[in-house]
Q: 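This is the structure I want to talk about, given as structure tokens.
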2 protein chains.
Amino acid sequence: MLHPLKHHIERITPISDQEFEYILSHFTPKKFRKHQFLVQEGNAVPNDFFVVSGLVKASFTNDEQKEHILQFAMEDWWVCDYQAYFNQVNATLNVDCLEDTEVLCLSLVNREKLCADLHKIEHFFRRKSNFGYIALQQRILSLMNNDAKERYQQLLKQHPSLFQRVPKTLIASYLGVSRETLSRLSAQ
Amino acid sequence: MLHPLKHHIERITPISDQEFEYILSHFTPKKFRKHQFLVQEGNAVPNDFFVVSGLVKASFTNDEQKEHILQFAMEDWWVCDYQAYFNQVNATLNVDCLEDTEVLCLSLVNREKLCADLHKIEHFFRRKSNFGYIALQQRILSLMNNDAKERYQQLLKQHPSLFQRVPKTLIASYLGVSRETLSRLSAQ
DNA sequence: AGTTTCGTGTGACCTATATCACACTACTGA
DNA sequence: TCAGTAGTGTGATATAGGTCACACGAAACT
């Protein structure tokens, strides 16, 4: 069976087995258990993470201890505090596991080395980032243009599996509504 | 004096004069007057735009004719309907001029050609996209975590010049509040 | 096995912000 | 030069969604 990362990269650019071997050698596999942190607020962020299996969330917690979820990441998703990672400053986000999770870690040095060595990989990351940008623009529009119920229904349609794996409280804090409001919305 | 695009690229990667000549040859300069559209909803989006001078806005208008501004772009900013541009589908956004504006147009074909030919440029666009992604994440957090007044004050702090060049009504629809609410906020 | 803690629903009440309506000034274009 | 429109302020009112409080079953530690 194809390695999930190879499969993932080849959705954007074909690579040979040797190239993939070389790429993979820049990643470190790691396992985390539910409730463990991949990134913790206030700490350095040496790695970006490609999720091989499991489920994590990336979130910001404000002074009143209110948590806002920026992203869920499951199989085949990347997740990190990119602000901290790319600028090599301490994290303002937390990334933690909602399930036991296996990831491939990519340090910034290895990422830049890979990108410098292999033009294809720089291309891959550029495309990924472009798509990510577009997705975030759409989320901003949705926050500005749609009410809580519409956002809930959109998410349900786009990622139905999430609702099987994630408590509603967290869905609420991803959508930017209180859990009480979400509960009332989904009742109807 | 340095060409604004060369200056812009060299903030990320140094390039020789010959390289810049080659890069620039892939762009087409164009001038637009106030109220003209760079991108119009429903049309194809052949070009991405680098703003040399002037000021534009990128916005989405919903069925009730309510406009949400995704982005302002002035000197040294890039602007487009990237969803439409990268996926070669029709625009859902409008990009139009708030002032007379000069841009450099980059077609998708030329962009991909440049990226394939010149590794440095692919690197440049990857970095730009990374930073753009981070900025949008921060905007999402701000929409979820801050009230209208806080968002107003953040924007005022980050881009004071915008308030000299743009009517408050548009600032409001960038911030995701009604113009009336913004008026009451800025009164205090 | 028993006791916390987590996830969820639901009522009562509160508040930030939207909406509607009107007024006034300053451009803008025939 | 005059009409129309863009930009803005402000009062009155409406409402989506937040907050607080309580309840209850299910999961998870010890």
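Because only heavy atoms are used, hydrogens play no part in the values below, and waters and symmetry mates are left out as well, while side chains stay in. In what follows, chains carry the letters A, B, and so on, assigned in the order in which the sequence lines appear, proteins first and then strands, with residues in each chain numbered from 1.
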Q: Give a yes or no on whether the backbone of Arg179(B) and the side-chain of Lys168(B) come within a donor-acceptor separation of less than 3.5 Å.
A: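 Absent.
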Q: Tell me, which pairs form a ring pair (Phe, Tyr, Trp, His ring centres under 6.0 Å) where one or both residues lie in residues 132-154 of chain B, sequence neighbours left out?
A: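 Checked against ring pair (Phe, Tyr, Trp, His ring centres under 6.0 Å) - neighbours excluded - the pairs reaching residues 132-154 of chain B are Tyr82(A)-Tyr133(B), Tyr152(B)-Phe163(B).
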Q: My understanding is that only one of Val52(A), Val56(A), Val95(A), Leu38(A) makes a side-chain contact (heavy atoms from CB on, under 4.5 Å) with Val103(A); could you say which?
A: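 Result: among Val52(A), Val56(A), Val95(A), Leu38(A), Leu38(A) is the only option passing the side-chain contact (heavy atoms from CB on, under 4.5 Å) with Val103(A).
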Q: If you restrict it to nitrogen or oxygen atoms, what contacts under 3.5 Å exist between nucleotides 11-17 of chain D and the protein, and what is each distance?
A:
from: dG11(D); atom 1: N7; to: Arg184(B); atom 2: NH1; distance (Å): 2.9
from: dG11(D); atom 1: O6; to: Arg184(B); atom 2: NH2; distance (Å): 3.2
from: dA12(D); atom 1: N6; to: Arg184(B); atom 2: NH2; distance (Å): 3.4
from: dG17(D); atom 1: OP1; to: Ala148(A); atom 2: N; distance (Å): 2.9

Q: Should the pair Phe32(A) and Phe49(A) be assigned to parallel (<30°), tilted (30 to 60°) or perpendicular (>60°) ring geometry?
A: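 If you compare the ring of Phe32(A) with that of Phe49(A), the planes turn out perpendicular.
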Q: If I take atom CE from residue Met144(B) and atom OG from residue Ser173(A), how far apart are they, to the nearest 0.5 angstrom?
A: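 Between Met144(B) CE and Ser173(A) OG, I get 7.5 Å after rounding to 0.5 Å.
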Q: Quick one: sort the Phe124(A) and Trp78(A) rings into parallel, tilted or perpendicular, breaks at 30° and 60°.
A: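 Tilted.
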Q: If I take atom CZ in residue Arg33(B) and atom P in nucleotide dT28(C), what distance separates them, rounded to the nearest angstrom?
A: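 Atom CZ in Arg33(B) sits about 13 Å away from atom P in dT28(C).
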Q: May I have the distance from Leu143(B) (atom CG) to dA16(C) (atom P), rounded to whole angstrom?
A: 18 Å
Q: When the distance from NZ of Lys34(A) to C1' of dC29(D) is rounded to whole Å, what number comes out?
A: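 Answer to the nearest Å: 13 Å.
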Q: Looking at Lys66(A), does any N or O in its side chain come under 4.0 Å of the phosphate oxygens OP1/OP2 on dG18(D)?
A: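 Lys66(A) to dG18(D) OP1/OP2: no side-chain N or O under 4.0 Å.
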Q: Rounded to whole angstroms, how far apart are CD on Gln65(A) and C1' on dC20(D)?
A: 18 Å
Q: Between Glu112(A) and Arg126(B), is there a salt bridge with N-O shorter than 4.0 Å?
A: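 Yes, this pair counts.
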Q: Assess the pair Tyr174(B) and Phe72(B): is the distance between their ring centroids shorter than 6.0 Å?
A: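 Close enough - the centres of the two rings lie under 6.0 Å apart.
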Q: Find the distance His35(A):NE2 to dA28(D):P and express it as a whole number of Å.
A: 9 Å
Q: Could you list the protein-to-nucleotides 5-8 of chain D atom pairs, N/O on both sides, closer than 3.5 Å?
A:
from: dT8(D); atom 1: OP1; to: Lys168(B); atom 2: N; distance (Å): 3.1
from: dT8(D); atom 1: OP2; to: Lys168(B); atom 2: N; distance (Å): 2.6
from: dT8(D); atom 1: OP2; to: Thr169(B); atom 2: N; distance (Å): 3.0
from: dT8(D); atom 1: OP2; to: Thr169(B); atom 2: OG1; distance (Å): 3.2

